[in-house]
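The chain is numbered in sequence order, starting from 1. As the structure is a prediction and not an experimental result, all values here were calculated from the model. Note: hydrogens, waters and symmetry copies are ignored here, and every other heavy atom, side chains too, is used.
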Amino acid sequence: MDSGLLSRNDNLRLGNTEFHIQTEYYKTSQEVVTLIFRNGKVLKRIERKLTGEEQPNEVVKKQHAEIIHKLLSASSTKEKSEKEEKTTIDELILSADTIDFFRLLVSQIFGRKDFIFAKIIDVEGRPVLEIVRKGKSVDEEVLEAFIEGFTLEEKQFYYLGDDGLYLYGFKLKDGTMVVVGFEREDSKHALEKILYEAKNCLKPECGSRKLSILIVEDVLFTRLVVRETFRLIAKELKDFCFEEIDEAESLYDALSVLKEKRFDIVITDIHLGDGLGTEVAAFIKKHFPETKVIALTMYPEDYEKHRDLFDEYIAKPITPQELKNKLLKIFE
């Protein structure tokens, strides 16, 4: 075998069955050969002789893609009834839209050198359909944390960026998720194009009033409660969409974030470890007068002293109903 041959290798998991697809160009014979392995054994060998005008790298790429698409297609069986159009994969029922989206995704990104993997994840966070190129380069704990976070969020799109690992997630109509991993951040542009072409497969975006939130609180538990409260009321307030929820655990962190980004709503504790929430509110009123600021405090009298800086206040401990009422009040 020529050590200089062109090749592509991918692992494809369909339900409980794993395949390895290997496509190579043999310079001596002028052939492109694809081997399909299942459980370590060659399931099928596909050969193609190149013509004089064909470029080996293009043929390898095209043949490799075609084989993967055939495997995806062969693994799905369409029901005859249009009302109950479903795709069955090893006893798992996925919607036809989900399979169509995955095919489109694979066709456009798996040829990229920075592509690591693409997975369909069920609502419980388990991978049910995946194609993996460089699985060993992914920290499984990071991936699990990403999937757990995405499962809890009400967003259509989810993103995590780190040096050498960029994860993107999309929610689909049938409740499943697609998670994609890359080694380079600029892959986002390719994904945006795919999303535009397959928008009918995606879960509809949330309400028309999209709001970005900043929670300023030095107690982690309270920040988590506020975040969870937003998640709960998002299901009830259909007109609102809490698109981004950021956190700051100190006055310093809050001012640093606010110098880089504008928010629709800022909820800040009045007493922070390194200063006062009134300083956060004063900064916002000066630079972002349209931003609504809600004081979070156990002492209503602190809010009364600085009513000119705040639009509303919420007494600790916070409750979903009170937060919902305050939001409705300030946006009337």
**Student:** Checking side-chain hydrogen bond (donor to acceptor under 3.5 Å, both in side chains) between R48 and each of Q30, E54, Q63, E31, which is the one that passes?
**Tutor:**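 The single option meeting the side-chain hydrogen bond (donor to acceptor under 3.5 Å, both in side chains) with R48 is E54.
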
**Student:** Indicate yes or no: at least one non-hydrogen side-chain atom of V59 is less than 4.5 angstrom from one of Y25.
**Tutor:**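 No, side chains not in contact.
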
**Student:** When rounded to the nearest 0.5 angstrom, what is the spacing between OG in S187 and CD1 in I194?
**Tutor:**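 Taking OG in S187 and CD1 in I194, the distance rounds to 9.5 Å.
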
**Student:** Take atom CD in E141; do more than 12 heavy atoms of anything else shown fall under 6.0 Å from it?
**Tutor:**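 For E141, atom CD is not crowded (no more than 12 foreign heavy atoms under 6.0 Å).
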
**Student:** If you group Ile, Leu, Val, Met, Phe, Trp and Tyr by side-chain heavy-atom gaps below 4.5 Å, do I245 and L258 land in one group?
**Tutor:**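 No, separate clusters.
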
**Student:** Within a 6.0 Å radius of atom CD on Q55, are there more than 12 heavy atoms belonging to other residues, nucleotides or ligands?
**Tutor:**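 Counting neighbours around CD of Q55, 12 or fewer heavy atoms of other residues, nucleotides or ligands fall under 6.0 Å, so no.
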
**Student:** Just jot down the side chain to side chain donor-acceptor pair (under 3.5 Å) partners of T23, sequence neighbours excluded, or say none.
**Tutor:**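 T23 satisfies side chain to side chain donor-acceptor pair (under 3.5 Å) with T34, H64 only.
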
**Student:** Which side-chain hydrogen bond (donor to acceptor under 3.5 Å, both in side chains) pairs, counting each pair once, include a residue from residues 269-283, with sequence neighbours left out?
**Tutor:**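 side-chain hydrogen bond (donor to acceptor under 3.5 Å, both in side chains) check on residues 269-283 returns D269-K316, H271-D302.
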
**Student:** Does the side chain of E18 reach to within under 4.5 Å of the side chain of N11, using non-hydrogen atoms?
**Tutor:**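 E18 does not reach N11 side chain to side chain.
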
**Student:** For the CZ atom on R184, are there more than 12 heavy atoms of other groups (residues, nucleotides or ligands in this structure) within a distance under 6.0 Å?
**Tutor:**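 It does not: R184 CZ has 12 such atoms or fewer within range.
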
**Student:** Pairs in or reaching into residues 280-289: which pass side-chain hydrogen bond (donor to acceptor under 3.5 Å, both in side chains), with residues at least two apart or in two chains?
**Tutor:**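 For residues 280-289: K285-D311.
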
**Student:** With clusters defined by side-chain heavy atoms of hydrophobic residues (ILVMFWY) lying less than 4.5 Å apart, directly or transitively, does V226 cluster with V280?
**Tutor:**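 Result: no, two separate clusters.
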
**Student:** Flag the pair Y166 / D114 as yes when at least one side-chain heavy-atom distance between them is below 4.5 Å, and no otherwise.
**Tutor:**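 Of all side-chain heavy-atom pairs linking D114 with Y166, none is under 4.5 Å.
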
**Student:** I'd like to check the side-chain contact (heavy atoms from CB on, under 4.5 Å) partners of E249; sequence neighbours left out, ordered by chain and number.
**Tutor:**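 With neighbours one apart ignored, the set is R223, D253.
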
**Student:** In the structure I gave you, are the side-chain heavy atoms of F19 and I68 within less than 4.5 Å of one another anywhere?
**Tutor:**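 Not in contact.
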
**Student:** Taking the six-membered ring for Trp, are F182 and Y168 parallel (under 30°), tilted (30 to 60°) or perpendicular (over 60°)?
**Tutor:**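 Taking Y168 first and then F182, their aromatic rings stand perpendicular (interplane angle over 60°).
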
**Student:** Between R8 (side chain) and V60 (backbone), is there a donor-acceptor pair under 3.5 Å?
**Tutor:**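 No, because the side chain of R8 does not come within donor-acceptor range (under 3.5 Å) of the backbone of V60.
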
**Student:** Below 4.5 Å, heavy atoms only, C-beta onward: do L309 and V293 meet side chain to side chain?
**Tutor:**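 Result no, sub-4.5 Å side-chain heavy-atom pair not found.
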
**Student:** Tell me every residue that passes salt bridge (Lys or Arg N to Asp or Glu O under 4.0 Å) with E47, counting only those two or more places apart in sequence or in another chain.
**Tutor:**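 Residues passing salt bridge (Lys or Arg N to Asp or Glu O under 4.0 Å) with E47: R45.
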
**Student:** List for me each residue that meets salt bridge (Lys or Arg N to Asp or Glu O under 4.0 Å) alongside E58, sequence neighbours excluded, and say none if there are none.
**Tutor:**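 Counting only residues at least two positions away or on another chain, E58 forms no salt bridge (Lys or Arg N to Asp or Glu O under 4.0 Å).
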
**Student:** State whether the number of non-hydrogen atoms from other residues, nucleotides or ligands found under 6.0 Å of K49 atom NZ is greater than 12.
**Tutor:**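 Enclosed: over 12 neighbouring heavy atoms sit under 6.0 Å from NZ of K49.
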
